[in-house]
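Written below as structure tokens is the structure these notes are about.
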Amino acid sequence: MPSTITAPEVSAQTQRIMGLEKEYVLQNYARYPVVMHRGKGCYLYDTDGNRYLDLISGIGVNALGHAHPRITKVIREQSGLLLHTSNLYYHEYQGPLAERLAKMSGLQRTFFCNSGTEGMEAAIKMIRSHGGKVSKNKFEIVSLLDSFHGRTIGAISVTGQEKYRKPFEPLLDGVRFVPRNDIAALETAVSDNTAGILIEPIQGEGGINLVPEPYLRAARELADRHNALLVFDEIQCGVGRTGTYFAYQLSEPVVMPDICVTAKPLACGLPLGVVISNERAAASIAPGMHGTTFGGNVLACRVALEFLDILDELMPSILEVGDYCRRRFNELAQKHNMIKEVRGHGLMLGIELDRPGKQIVSDCMAEGLLINCTHDVVLRFLPPFILTKADVDRAIVVLDDVLGRHA
Ligand SMILES: Cc1ncc(COP(=O)(O)O)c(C=O)c1O
């Protein structure tokens with residue numbers, strides 16, 4: 001927790017809750033000193049009644065903001081019918097949701113799980129199994145520097161940021177990391193021993209970095225040449241955030257992956273991850289080779305279907321408000337020299353600063369604006385898809401003021 005944080009006054013009740021966490025919860029998070037109580041639309045309210053404009057939406061999860069009436073209604077209804085069946089039986093919503101995802105992605109088959117990292121584990125197993133069918137030496141994975149793929153051992157093994165890997169080494173063998181803008185390095189790293197290439201088309205945790213389209217195309221060609229699987233990690237950038245269903249669909253003609261993993265916004269706050277793959281990649285998994293108890297449960301799948309209906313109505317606004325937001329950030333960049341670059345697409349935006357952004361995030365919070373800082377110097381914005389231009393204007397007033405104080 002930042003020692004210089006400018007927190008709002010906290011009540012005794014809030015102090016008590018934070019005290020219990022300090023005493024009994026694993027101390028793996030550096031939380032801000034607020035206890036969130038409820039949300040409505042793009043706003044969150046803490047237990048002390050303070051209101052926050054939420055431009056981080058639970059790190060890109062609360063795509064419809066908070067307490068969206070259609071989502072609340074579906075949850076209420078479904079919770080009175082059936083929550084969970086396990087994957088021993090069919091239920092009414094996995095098939096329709098998988099069909100919907102196939103139409104959105106152009107990839108035929110879905111595996112349902114509970115989180116991003118669990119989706120990446122499944123993708124890594126598919127890569128390993130695919131390679132293993134060809135030769136015992138074909139298990140290498142090429143991944144990008146600055147990438148982030150989750151926190152399980154498999155996912156950190158392929159994450160291109162040493163800080164996430166170091167304390168847990170030794171990790172999976174055969175992972176090579178390459179820079180995202182160096183096609184020659186990618187060509188050198190990929191060989192007949194490569195079983196998979198992993199790319200976040202827009203790196204989130206790594207600082208909102210767009211992977212150039214020629215690089216995606218080169219990765220596709222190399223994967224084909226060496227019979228490797230191309231995996232796009234769209235856990236953060238997927239399902240509408242860029243104004244297209246998936247970020248890879250921004251390319252023209254579209255660069256198709258063999259596997260796309262996504263999660264965050266899909267069930268509006270309920271845990272749901274998916275691994276969507278073409279038949280070639282899906283052939284790597286036979287019955288019994290992979291599974292999960294909770295993955296794709298009734299409630300999460302039904303909520304996801306409702307969300308995807310609403311998403312179609314919101315798509316034009318994601319682009320329009322996203323463009324407006326980027327324009328307003330660029331205006332801030334004209335005024336505040338500390339801004340080095342504004343990056344992103346749709347409602348996945350970053351402002352790179354010439355200094356650490358942690359204190360700026362804390363100061364924004366004290367002024368009722370929730371944002372986040374990633375890669376030390378990049379202010380990250382993953383707002384709900386229902387964001388309006390008026391919300392953007394409110395955020396700009398706070399950012400302008402806070403950046404001015406740090407000049
Ligand atoms: C690109 C990417 N991959 C994987 C993950 C891990 O997802 P989860 O935290 O749901 O396990 C994240 C989470 O931020 C992510 O942004």
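Counting convention: from 1, in listed order, for ligands and their atoms alike. Values below: all heavy atoms of this structure, side chains included; hydrogens, waters and symmetry mates excluded.
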Would you please test E367 and R405 for salt bridge (Lys or Arg N to Asp or Glu O under 4.0 Å) and show each step?
CA-CA 13 Å; E367 298 299 328; R405 278 190 247 153; 3.2 Å; yes
Applying salt bridge (charged side-chain N to carboxylate O under 4.0 Å, His left out), can you list everything that pairs with D323, at least two apart in sequence or on another chain?
R326
Does anything in residues 91-105 form a salt bridge (charged side-chain N to carboxylate O under 4.0 Å, His left out)? List the pairs, not counting sequence neighbours.
E99-K103, R100-D309, R100-D312
Centroid-centroid under 6.0 Å between H84 and F294 rings
yes
Are F381 and F329 close enough that their ring centers fall under 6.0 Å?
yes
With sequence neighbours left out, the residues meeting side chain to side chain donor-acceptor pair (under 3.5 Å) with T388 are D391
Does ligand 1 have any N/O pairs with the protein under 3.5 Å, and how far apart?
from     : atom 1 : to   : atom 2 : distance (Å)
ligand 1 : 3 (N)  : F148 : O      : 3.2
ligand 1 : 3 (N)  : D233 : OD1    : 3.4
ligand 1 : 3 (N)  : D233 : OD2    : 2.7
ligand 1 : 10 (O) : G116 : N      : 2.8
ligand 1 : 11 (O) : T117 : N      : 2.8
ligand 1 : 14 (O) : K264 : NZ     : 3.0
ligand 1 : 16 (O) : Q236 : NE2    : 2.7

